[in-house]
Amino acid sequence: RCDLTLSSATVSAEHAVISWDGTTWRVQDLNSRNGTLVDGKGLLSREGAPIEADAALTFGGASGDVWHLGSDSPPQAFAEARDETGIVAVAGDVLGLPPSEVPRFSIYRDEAGTWRFEGRATFREAHDHEQLDVDGQIWRLHLPEPLPPTLGQRNDAVPLDQIELQFEVSRDQEWVGMSLKYRDRLLDLGARAHHELLLLLARARSTDAPTVPPAEQGWIYADNLAQMLGVDDARVHTYVHRAREQFTKVGVAAGSQVVERRRSTRQIRLGVASVVELPSR
């Protein structure tokens with residue numbers, strides 16, 4: 001049941017727990033037989049203590065091996081292959097399985113801080129230590145506990161609801177360029193295949209804006225998007241994954257919500273209300 005196992009005979013079966021409380025790492029002794037030390041100081045049974053980078057941890061008495069906390073950065077989600085062939089870390093708050101150019105499943109954190117599991121016909125909550133069978137390979141998820149979105153959020157993160165997306169389409173429709181505008185900053189995101197999907201979603205929101213309530217603007221069925229793009233459902237799912245991945249990588253807070261999905265249907269929409277389509281060059 002333990003994530004980390006130590007071979008020393010003086011370490012109890014369930015000796016201690018190291019956890020993240022939203023701002024700090026903490027270690028707690030679990031009523032072990034021989035105790036836990038932090039920087040040489042023993043903890044009382046069930047006592048917890050904050051730990052910082054390079055803190056010295058000893059399990060099983062003062063004569064035990066000394067371990068050091070390598071980093072006190074917030075925990076990152078990852079998936080681990082059960083056959084130990086690899087580990088896949090998140091890109092921002094988005095993880096794709098299998099690790100390929102065309103992942104079948106996405107695991108991402110939603111606007112409430114909850115982890116979601118999404119595939120072409122699947123949309124549900126994802127759970128820490130959950131095991132997934134992906135094309136015959138078993139992956140185990142390691143997902144930090146859901147926390148309020150403001151906790152641990154980067155100070156320089158760009159709020160998703162305060163950005164403007166600017167699209168530029170070539171005259172021959174061969175490429176779609178996109179830039180992200182936030183206050184006086186303009187970030188060129190280049191031309192990517194998934195930008196065409198975002199453009200179609202942006203056009204749908206713009207068309208609905210004059211007459212449709214904000215909560216109902218821009219929703220399109222994934223099947224219809226596939227037809228409009230001339231691709232299959234799997235490619236639409238890949239484009240959605242790539243868009244979320246791109247926005248989280250460039251530091252957009254809640255970047256995984258650049259594409260929203262309705263839980264009861266296969267409808268999706270652009271999670272950015274402010275969009276501009278620039279004249280073609």
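Just the heavy atoms: all of them, side chains too, but no hydrogens, waters or symmetry mates, feed the values below. The model shown is predicted, which means the values in this text are computed figures rather than measured ones.
- Within the model, atoms CD1 of Ile138 and CG of Leu132 stand 8.5 Å from one another, a figure rounded to the nearest 0.5 Å.
- Here the side chains of Pro144 and Trp115 are in contact, with some heavy-atom distance below 4.5 Å.
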message: Apply side chain to side chain contact (heavy atoms under 4.5 Å, CB included) to residues Asp128 and Leu141 and explain how you reach the verdict.
response: CA-CA 6 Å; Asp128 185 35; Leu141 301 181; 5.8 Å; no

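- Both Val250 and Val272 are assigned to one and the same hydrophobic cluster, defined by single-linkage of ILVMFWY side chains at heavy-atom distances under 4.5 Å.
- Among residues two or more places apart in sequence or in another chain, the side chain to side chain donor-acceptor pair (under 3.5 Å) test is passed with Arg261 by none.
- Closest non-hydrogen pair, Trp175 versus Glu168, comes out as CZ3-O, 3.5 Å.
- Aromatic ring pairs are classed by plane angle as parallel below 30°, tilted from 30° to 60° and perpendicular above 60°; the pair His142 and Phe78 is parallel.
- The backbone N or O of Ser73 lies less than 3.5 Å from a partner atom in the side chain of Ser71, making a donor-acceptor pair.
- Listed here is the closest heavy atom pair of Arg242 and Pro103: NH2-CD, 3.8 Å.
- Between Asp65 and Leu6, the closest side-chain pair of non-hydrogen atoms is not below 4.5 Å.
- Evaluation of the side-chain hydrogen bond (donor to acceptor under 3.5 Å, both in side chains) test over residues 186-197, restricted to residues two or more places apart or in two chains, returns His194-Gln246, His195-Gln246.
- Taking the charged nitrogens against the carboxylate oxygens, Asp135 and Arg104 do have a contact shorter than 4.0 Å, which makes a salt bridge.
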query: Given the rule in the salt bridge (Lys or Arg N to Asp or Glu O under 4.0 Å) test, do Glu260 and Arg244 qualify, once you have shown the distances and angles that lead to the verdict?
result: CA-CA 10 Å; Glu260 299 175 344; Arg244 289 170 173 161; over 6 Å; no

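- Residue pairs meeting the salt bridge (Lys or Arg N to Asp or Glu O under 4.0 Å) criterion with at least one member in residues 200-217, sequence neighbours excluded: Arg203-Glu277, Glu216-Arg262.
- Residues passing the side-chain contact (heavy atoms from CB on, under 4.5 Å) test with Ala204, sequence neighbours excluded: Ile220.
- Checking each of Leu229, Leu225, Leu198, Val259 against Tyr239 for a side-chain contact (heavy atoms from CB on, under 4.5 Å) leaves exactly one that passes, namely Leu229.
- Sorted by first and then second residue, the salt bridge (Lys or Arg N to Asp or Glu O under 4.0 Å) pairs involving residues 222-232 (not counting sequence neighbours) are Asp223-Arg266.
- In terms of the side chain to side chain donor-acceptor pair (under 3.5 Å) criterion, Arg33 has no residue partners (sequence neighbours excluded).
- In this structure, a donor-acceptor pair under 3.5 Å is absent between the side chains of His15 and Asn34.
- Val66 and Leu37 fall into different hydrophobic clusters, where Ile, Leu, Val, Met, Phe, Trp and Tyr side chains are chained together by heavy-atom contacts under 4.5 Å.
- Under the 4.5 Å side-chain criterion, counting only non-hydrogen atoms from C-beta, Val169 is in contact with Leu199.
- Between Val17 and Val27 there is no side-chain heavy-atom pair separated by less than 4.5 Å.
- With rounding to the nearest 0.5 angstrom, the CG atom of Leu97 is 6.0 Å from the CH2 atom of Trp139.
- Identified under the ring pair (Phe, Tyr, Trp, His ring centres under 6.0 Å) test for residues 240-280, with sequence neighbours left out: none.
- Taking CG of Leu165 as the start and CG of Leu270 as the end, the distance is 6.0 Å to the nearest 0.5 Å.
- Looking at residues two or more places apart in sequence or on another chain, you find a side chain to side chain donor-acceptor pair (under 3.5 Å) between Ser45 and Asn31.
- Listed here is the closest heavy atom pair of Leu186 and Ser179: CD1-CB, 3.9 Å.
- Summarising the geometry, atom CG belonging to Asp21 is positioned 6.5 Å from atom CZ belonging to Arg26; distances are rounded to the nearest 0.5 Å.
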query: Should Glu118 and Ile107 be marked as a side chain to side chain contact (heavy atoms under 4.5 Å, CB included) after you check the CA-CA gap, both sets of side-chain angles, and the distance that decides it?
result: CA-CA 6 Å; Glu118 182 176 311; Ile107 297 94; over 6 Å; no

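- The CG atom of Leu143 lies 11.0 Å from the CZ atom of Phe117; values are rounded to the nearest 0.5 Å.
- Nearest heavy-atom pair, Ser8 versus Thr10, reported as atom, atom and distance to 0.1 Å: OG-OG1, 2.9 Å.
- Other residues sharing the hydrophobic cluster of Leu278, ordered by chain and number and joined by side-chain separations under 4.5 Å: Val276.
- Looking at every heavy atom in both residues, Asp233 comes nearest to Ala226 through OD1-CB, 3.7 Å.
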task: Start with the C-alpha gap between Leu95 and Tyr108, add the side-chain angles, then the distance that decides, and say whether side chain to side chain contact (heavy atoms under 4.5 Å, CB included) holds.
output: CA-CA 6 Å; Leu95 183 153; Tyr108 64 93; over 6 Å; no

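- The CZ atom of Arg120 sits 13.0 Å away from atom OG of Ser106, with the distance rounded to the nearest 0.5 Å.
- In summary, the side chains of Glu164 and Gln166 do present a donor paired with an acceptor at a separation below 3.5 Å, with no hydrogens or angles considered.
- For Ser206, there are no side chain to side chain donor-acceptor pair (under 3.5 Å) partners, not counting sequence neighbours.
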May I have the list of side-chain donor-acceptor pairs in residues 48-61 shorter than 3.5 Å, sequence neighbours left out?
none

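- Using a 4.5 Å cut-off on side-chain heavy atoms (C-beta onward), Trp25 and Ile18 make contact.
- The two residues Ser256 and Thr248 have their closest heavy-atom pair at N-CG2, 3.6 Å.
- For the side-chain contact (heavy atoms from CB on, under 4.5 Å) test, residues two or more places apart in sequence or in another chain that qualify with Tyr221 are Asn224, Thr265, Gln267.
- Within a 6.0 Å sphere centred on CZ of Arg183, other residues, nucleotides and ligands contribute 12 heavy atoms or fewer.
- With hydrogens and angles ignored, the 3.5 Å screen pairs a side-chain donor or acceptor of Trp219 with a backbone N or O of Ala215.
- The shortest side-chain heavy-atom distance between His129 and Arg140 falls under the 4.5 Å cut-off.
- Using a distance-only test at 3.5 Å, with no hydrogens or angles considered, a donor-acceptor pair links the side chain of Thr238 to the main chain of Ala234.
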task: List the steps, then state whether side chain to side chain contact (heavy atoms under 4.5 Å, CB included) holds for Arg46 with Leu30.
output: CA-CA 5 Å; Arg46 298 289 173 180; Leu30 297 180; 3.5 Å; yes

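- When the side chains of ILVMFWY residues are joined at heavy-atom separations under 4.5 Å, either directly or via intervening members, Trp67 and Trp20 end up in a single hydrophobic cluster.
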